[in-house]
Amino acid sequence: MLQTDSRGPDEFRASHDMPAAATTAGPSALEVRSELLFQSCLWCGTTAYRRSFCRTCGSTAFKGERSTGAGTLVRRIGQSPLHTWFVAMDEGFTLVCQIVGTEPAVAGVGARVRVVRAVTPREQGLPLVELTSRATPLERWW
């Protein structure tokens, strides 16, 4: 006869899914993460963020890497109150972020940003970035 695990769902999740430090520290420790993790394809080396397969070769084999967190604003998405942008990261992947700590009129295409808070892998949401330097008129792309 097949024998199953008799533990409840919370006990199983706590012992298998989360590392020991995260279970004792509480949920607030998981929410405050400033490091951004991205994927690199094992076959062709293409970088990506939260993808299930490589957009270049179609492989599903990825390895996780840490980003430096620096990037350039590429394009605004939506209305200015949302303050959402496409950011081209220095490692070669693009992601959607929200800018914090500045007015929408200050941010422009070509400005440099850094990651302030990255979301955990299982959490939904956008990474938060802040401006490190404004775009000069010569760097602007329009």
Side-chain angles (χ1 to χ4, degrees), residues 2 4-142:
L2 180 66
T4 60
D5 197 356
S6 62
R7 291 183 288 178
D10 293 334
E11 295 171 4
F12 184 75
R13 186 177 303 119
S15 65
H16 286 82
D17 289 345
M18 295 185 206
T23 58
T24 59
S28 61
L30 291 175
E31 293 174 6
V32 183
R33 285 181 68 182
S34 60
E35 66 182 18
L36 183 69
L37 302 175
F38 68 97
Q39 301 164 312
S40 179
C41 179
L42 291 175
W43 290 96
C44 66
T46 301
T47 57
Y49 181 71
R50 290 188 180 177
R51 301 225 14 146
S52 57
F53 62 92
C54 178
R55 68 179 187 269
T56 303
C57 68
S59 171
T60 57
F62 290 100
K63 68 177 178 177
E65 296 185 25
R66 281 197 178 110
S67 172
T68 59
T72 305
L73 295 179
V74 178
R75 180 179 177 198
R76 183 189 310 259
I77 305 169
Q79 304 296 324
S80 61
L82 298 176
H83 218 29
T84 308
W85 287 77
F86 278 118
V87 177
M89 301 303 286
D90 291 345
E91 289 83 10
F93 62 95
T94 304
L95 62 129
V96 177
C97 294
Q98 284 185 330
I99 299 177
V100 294
T102 186
E103 296 295 321
V106 175
V109 174
R112 297 288 296 167
V113 294
R114 71 176 175 90
V115 174
V116 175
R117 183 183 69 90
V119 295
T120 59
R122 294 183 183 165
E123 183 181 332
Q124 296 297 320
L126 299 175
L128 300 178
V129 297
E130 67 181 3
L131 289 177
T132 56
S133 65
R134 295 175 67 176
T136 62
L138 295 177
E139 291 175 336
R140 292 193 177 175
W141 299 346
W142 67 84

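Under the side chain to side chain donor-acceptor pair (under 3.5 Å) criterion, Thr46 pairs with Thr56, not counting sequence neighbours. Judged as a ring pair (Phe, Tyr, Trp, His ring centres under 6.0 Å), and not counting sequence neighbours, Phe62 has no contacts.
When all heavy atoms of Gln39 and Arg50 are compared, the pair lying nearest together is OE1-N, 3.5 Å. For the pair Met89 and Ser67, the tightest heavy-atom approach, listed with the atom from each and the gap, is CE-OG, 3.9 Å. Closest non-hydrogen pair, Val115 versus Leu36, comes out as CG2-CD2, 4.0 Å. Summarising the geometry of Thr102 relative to His83, their closest heavy-atom pair is O-NE2, 3.6 Å, with the distance given to 0.1 Å.
Put simply, the side chain of Glu91 gets close to the backbone of Thr68: a donor and an acceptor are under 3.5 Å apart. Side chain of Arg134 to backbone of Arg112: no donor-acceptor contact under 3.5 angstrom is found.
Residues Cys97 and Trp85 form no side-chain contact, since every pair of their non-hydrogen atoms from C-beta on lies 4.5 Å or further apart. Thr84 places a side-chain heavy atom less than 4.5 Å from the side chain of Val96. Leu73 places a side-chain heavy atom less than 4.5 Å from the side chain of Val87. Contact check for Cys44 versus Ser59: no side-chain heavy atoms found under the 4.5 Å cut-off.
Gln98 pairs with exactly one of Leu126, Val129, Ile77 by the side chain to side chain contact (heavy atoms under 4.5 Å, CB included) rule, that one being Leu126.
Thr132 and Arg114 share no side-chain donor-acceptor pair at under 3.5 Å.
Taking the ring centre of Tyr49 as origin, the terminal cationic atom of Arg51 falls outside the region bounded by 6.0 Å and 45° from the ring axis.
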